[in-house]
Structures are given as structure tokens and as C-alpha cells.
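Here the structure comes first, spelled out in C-alpha cells, and everything after it is commentary.
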Number of protein chains: 2
Amino acid sequence: MKVKIVDVAKEANVSVATVSRVVNNIPLVNEETKERVLEAIKKTGYKPNAIARSLKIQKTNTLGIMIPDITNPFYTEMVRGAEDVCGIYNYNIILSNTDFDHEKEQNSLGVLVEKQCDGIIYVGKHLTDELRDDLIDAPSEIVLGCVPDESGQLSGVLIDNEAAAYDLTIECLKMGHTKFAIFYDEYKEGYINQKRLQGIKKALGEWNVELDDDLVYFGSQSTLGGYHMMEEALASGREFTNVFCFNDQIALGAMRAAEDNGKVIPDDVSICGFNNFWIAEWTRPQITTVGQPMYDIGAIATRMLIKMCEKEERETKTVFVPYEMLMRNSVKNLKSE
Amino acid sequence: MKVKIVDVAKEANVSVATVSRVVNNIPLVNEETKERVLEAIKKTGYKPNAIARSLKIQKTNTLGIMIPDITNPFYTEMVRGAEDVCGIYNYNIILSNTDFDHEKEQNSLGVLVEKQCDGIIYVGKHLTDELRDDLIDAPSEIVLGCVPDESGQLSGVLIDNEAAAYDLTIECLKMGHTKFAIFYDEYKEGYINQKRLQGIKKALGEWNVELDDDLVYFGSQSTLGGYHMMEEALASGREFTNVFCFNDQIALGAMRAAEDNGKVIPDDVSICGFNNFWIAEWTRPQITTVGQPMYDIGAIATRMLIKMCEKEERETKTVFVPYEMLMRNSVKNLKSE
DNA sequence: CTGAAAGCGCTTACAG
DNA sequence: CTGAAAGCGCTTACAG
């Protein structure tokens, strides 16, 4: 039988109120009785029941995190960041994979709310209006990751995707590239795709460089997806010297497909990734990419969320975290020939 | 204000008991009143409070999962498997990273127990006697992942590490290798290290091949760790034609270090990984490795655990799941020269 | 400084 | 078929 507060109260010859006070470290308990209670706790092996406590105080100290797929290293890092700050503040995380599936997202949200999560982090590559409204209506506090609420009602933390894609494009233009292919995510209209595309187009516009729309692919966000997109691009017979990939996994697949078709990277074709998944440093050539502070995004979002849960902060804001240009050797400098 | 069961009871003009019955789909409710209640629920937007329910029924439908580091792809896959079967059975997962740190493990366990997890999955590379005892004493159901309870008191699911290492070694011996290096995990005395080492030694014994103990390294379980171990091995001047790595990340690092030192893989040195992390297929050469069904281990462990939580099953058992020999081209067949 | 008592939001025998 | 009431294990005003 599990021992409960009343058992230790009996053991220590005090009321349950007193036991509760010492368990929760509320002062104004006589030192001597405190000792007695502590002893009784040890003797009985009492462990407080957090569920009962939560019901009473209307706070669970648990956060929900809705994430497309924990298996994607990008999201994994975010979860780790979230977990680590939860550890500091004494919170726990309930994990929920949503697979970019709108129905699963709704379900997840429902469950996390039912389980009375104090706060919920929503991570995705696009926030539909419908889900945004549900999030706003939810009784839990909400912070978004990687995607903003453009209506300004929900807080979020992410990088400026447009600026990052712009910067990367400029770098490639400077190195003499003018023929580009793009291997992006299959969720074509998704927020992240769109922002990055805008960034690329802005840079190209400034340099008066045309983008061949037939070389813009929206494929599966995986190494195999990257492989296939490169095969298609090559088969199209269209000319390109550089490809922008949605992430480093796609870039790796693209590299392999190019190699399997007799191309040398970066001499025959240059490749850019995104995110700086650790593998990007270990490929040969190393992948030029945009470093996104994935761990930090998770950590910052969580810290914001916890502050909201503890009512220290009520203002909603979108935090843009810095990204980093990592020019490595999968992109050739055509100017130095 | 959150709406609760009494609010919908008023709205529908019934007792809370009746509302509870329709919410929980307990039959013996008049069809007509059921309709009325359903309507009231919709109208009020009532969402049951799972915390209150849990307190009453003494079941939370949440599982805890203690895992060294979600960031390690091996564990990530397991968590995904666990999460997916949780989805089927209507459970949720509280995640806890333990970083191979004994103190963190104790803390995690305490928190998960306090939060009344119905069951807990412990994943690690070694189970200390002390933690084992704590696990046994815990009021939650327990299943181990990747590591067994050799005292037979706790259920677990894992591969037969000794047999897998043995098989892999035999394959390499058949290909003519006789000089081996080993790049294993830094937790030297850990269960997994030890079992795999036994498997290797058994195979070598059968073939009358000596193992050079100076070529057995216990380093950091990462690509960089693998890089360093290879550097050391090479610098030692000792002879080896093949190295067994603890996992594929280490193997990748080892490959890079060898290459950076002018070696060609597999012509100058052959490399074996372990686990079949997806990257192993995308390196060039592809990494010969032992496929471990990481997702399945998570899924099976979770299914077992849920069955225990629902008292359908009480017998404790250790399940060995099959592994797979993936002979790719990072190992050279010396016989075919 | 300490205790009696109400109440958090549910479920479920029990009685009708 | 339905409801009144007890109780899950805590916390916390309130009174003393």
C-alpha cells in the first residue's frame, strides 16, 4: 500500500496540515516538529502524490510539446533544449508527435489540455489559422517554435528565415553562381518554405538574376527525398551550378545523387544545406549551411513558457534568434578560377 | 473560467453522475438523456479534467521514459516507437534525459513516481544494482530497454549483444581479418560493452586469433570520439586491418580520421559500426553494421509495459529481439585479393 | 505554531 | 435508468 500524508501525520503525531507544510517547505513550522515530521517521512518512505497536489493547486508543472517528429534531428535538438530548462525549473515534458498532420495536431492539443499542461509548445513548419485559433482558446499558456503567429496573438521563437535565405543567396551570388536549383519541403505553401523562397528571390532580384521555376522542387524532407530531387533536376537537362536545400539531410541526399551521376561536388555542382545538423561537418565535402540554434530555440521557448505559467510575464512577443552562415566546401567559388 | 462536470450537469438538468457516465461511455444511460448531455457538453465546451480523473481512478495513463539522451539517434528512434504505441493505447509519455548520470537517474525516477506514472521504461547501457533495487521498489510498473535485469526480477527488451558481436566478428574473420582494433564506449564496465567484448573474444578464440589489448579503446560515444580513437590507434603504430566500433557515429568519425591520415577505407582499414543509424547507408563507403531494431525495441517495451499497467499480464520476461548483419562496403574481403 | 475542515474535479458503489 | 454521497490525496484559508 502506498503511504500517504495521513500516514506520516499519524506517525509523527501531527496533523496532515503540518506534514504538508514541511513537505512544501513552508516556514512557520516549529523546528522540533519539523524534525519529527521529517523522520516520519523517512521512516514511512512517504512520496507526495503530485496528481493530488496538482488537482488542488491547479498547476501540474508539466508542459506539453507538440512536435512533428522527434526522429528529425532538428526537432530532437529542440526537445533536448526544452527538457533541459524544464529540469531547472522543475517541470516535466509530455511529448507528442504530430507528423505534420492536422488531425493529429488537434488530437494532441486536446490531450495536452485534458492533462492540464500548464503550457504547451507548438512546433511546426506552418501554423494554420484554425489551429492558431484553437491554441488561443486553449486554457494552457502557449509558445510557438519555428513558426510565428502572424496575427501577433501568440508568442514564438524562431529565426528570420527570409533574412537567412537572403544572406545565403547573396554569398552564393558573390561566388559567381547564377543558375540555381531549389530542393525544398513538400509542404509547398508552408510558412518556412515561403519565407525562405522570398529571401532567395529578393537576393536574386537585387542581382538581376533569373530563377528557373522548373528547377524548384518540393519533395520529401529526407535524404532519400534529396536524392530523388537531384536525380530529377539532373534528368531535366536544365542548367544549374548551385542548389539550395531545405535542410542538411536533403543536401546529403542531393550530394549522393550527384556523385552517383558522375558529378563532383562542388566542382560540377555546389550544394547548400540548412540547419547545421551535426552530420554537415562530417560529410566530404563538408556542407555549407545556415546554422540554426535548434537547442536554443527549444530552451528559450521553454523559458518563456514557464515564465508565462508562473505569471511573471504576460506580454506576447516573437523572438528572433540569430542564425549563422557556415560557408564550407560544398559550394565552389567560381570567381577564383 | 473552465467549465466542469457540474456545469454541464446543470445545463442538461441531470446529475454529475450521469454526465460522468456519458463522458466515459458507460452504457445503461437512457438514449434521450444521453443526447441531452452530449448537447450540453458541446454547448458548454466541456473538457474533462484528466488530473481529477486520475486521482479518483488511481491511473494516469501516462508512462515515464528514462533515456540517456534523446539527442542520440539510437534513443530517439526508441522514443518514437514508444510514442507511437502510446498513441494507440491512449497513453502519454513523460520524457526524462538521464545522461548516463546515476544521480539524474535517481531524480528522474523519483519525479516519475511522484507524477504517478502507471509505468516506467528505463533505457540505458548498464543497470546498477542500486538502481535496479529502486526500480523494483517503485510503485510503477517497469520495463527495461537495451539492458536486462540479470537477477530476473524486471522485464526487458533488447538484442543479444554478445551473439551480435560474435556474428559480426565471425564475418570479419571469414573475410580474412585477424588484426582488430576496438573503439567502444567510455563506460568500460558497462553491460553492453562487456557483452559485445565477450562476443568478439569468443569468436576470436574459436579462430585462434589474438586480440591486441592495446588496441581496445573506450572513448567518447560520438563521431568526434571515434575520430580521436582512430588517431590514437594510428599513432600507436600497432597493426590492425579492421575496427569494431560501438556505434555508427563512432565508425563515421573513425573513417574520417583514417582518411585524414591518408588511409583509404576499406582498402587500408576496414570499419564496422553498430545499430544501423540511417547515416550508415549514406556514407561512402557505406558502413557495415549490425542492424538493431531501435524503433521496435521502444514499441515492444511500451506494449509490454501497457499490458502490465492494465494487469493483463504479470509474468516478467526478457525479450530478445532479432538483429541483422548488414555487410556493406566499409569492410574489405581480404580473401578475394 | 498547529489543526479541523473545506474543496480541487472527478468516479462509482449504493439505493431507489 | 438516475442521483446523493463518499472519497481519491493533497493544500490552505481560517481560527485558535
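Heavy atoms only: backbone and side chains are in, while hydrogens, waters and symmetry mates are out. Proteins get letters first, then strands, A, B, ... in listed order; numbering begins at 1 in each. All figures in this text were calculated on a predicted structure; none of them were measured in a lab.
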Check: Is there a donor in the side chain of A:Thr128 and an acceptor in the side chain of A:Glu130, or the other way round, less than 3.5 Å apart?
Finding: no

| task | Would you please say whether a donor-acceptor pair under 3.5 Å links the side chains of A:Tyr122 and A:Glu105? | result | yes

Rounded distance (Å) that lies between atom [atom2] of [N] and atom [atom1] of [X]:
| X | N | atom1 | atom2 | answer |
| --- | --- | --- | --- | --- |
| B:Gln58 | C:dC10 | CD | P | 17 Å |
| B:Asn49 | D:dC8 | CG | P | 18 Å |
| A:Asp7 | D:dG9 | CG | C1' | 11 Å |
| B:Lys2 | C:dC10 | NZ | C1' | 13 Å |
| A:Lys10 | C:dA4 | NZ | P | 13 Å |
| A:Gln116 | C:dG9 | CD | C1' | 9 Å |

request  = Using salt bridge (charged side-chain N to carboxylate O under 4.0 Å, His left out) as the criterion, list what pairs up with A:Glu141, not counting sequence neighbours.
outcome  =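 For A:Glu141 the salt bridge (charged side-chain N to carboxylate O under 4.0 Å, His left out) partners, ignoring immediate neighbours, are A:Lys311, A:Arg314.
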
With sequence neighbours left out, the residues meeting salt bridge (charged side-chain N to carboxylate O under 4.0 Å, His left out) with B:Asp296 are none

For residues 42-51 of chain B, the side-chain hydrogen bond (donor to acceptor under 3.5 Å, both in side chains) pairs (sequence neighbours left out) are B:Glu11-B:Lys43

Result for 5'-nearest mapping on DNA chain D, choosing between B:Glu31 and B:Leu55, is B:Glu31

Quick note, B:Thr33 side chain, CB onward, closest among C:dT2, D:dC10, D:dT2 is D:dT2

Minimum-distance nucleotide (side-chain atoms of B:Ser15 versus D:dG3, C:dG3, D:dT2):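 The closest nucleotide is D:dG3.
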
Please tabulate the protein-to-nucleotide N/O contacts below 3.5 Å involving nucleotides 12-16 of chain D, giving atom names and distances.
{"from": "D:dA13", "atom 1": "N6", "to": "A:Arg21", "atom 2": "NH2", "distance (Å)": "3.2"}

Quiz item: On a whole-Å scale, what distance lies between the P atoms belonging to C:dC14 and C:dC10?
Solution: 24 Å

Note to self: Rounding to an integer number of angstrom, what distance separates D:dG9 and D:dA13 when you compare their P atoms?
What the structure shows: 23 Å

- Contact class for A:Val14 vs. all strands (heavy atom < 4.0 Å): base, sugar-phosphate, or nothing? sugar-phosphate

message: Assess the residue pair A:Asp84 and A:Arg303 against the criterion (salt bridge (charged side-chain N to carboxylate O under 4.0 Å, His left out)); give the C-alpha distance rounded to whole Å, side-chain angles, the decisive distance to 0.1 Å, and a yes or no.
response: CA-CA 10 Å; A:Asp84 285 354; A:Arg303 196 169 288 118; over 6 Å; no

Ring pair (Phe, Tyr, Trp, His ring centres under 6.0 Å) filter on B:Tyr187, not counting sequence neighbours, yields B:His126

Exactly one candidate in B:Leu305, B:Leu112, B:Ile67, B:Ile297 meets side-chain contact (heavy atoms from CB on, under 4.5 Å) with B:Ile121; the answer is B:Leu305

For A:Lys34, is the NZ atom crowded, meaning more than 12 foreign heavy atoms sit under 6.0 Å from it?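 No.
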
Applying a 3.5 angstrom cut-off to the pairing atoms, does DNA chain C sit in any stems of at least three consecutive Watson-Crick or G-U pairs? List them by first number.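 Stems found: C:1-3 with D:14-16, C:5-12 with D:5-12, C:14-16 with D:1-3.
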
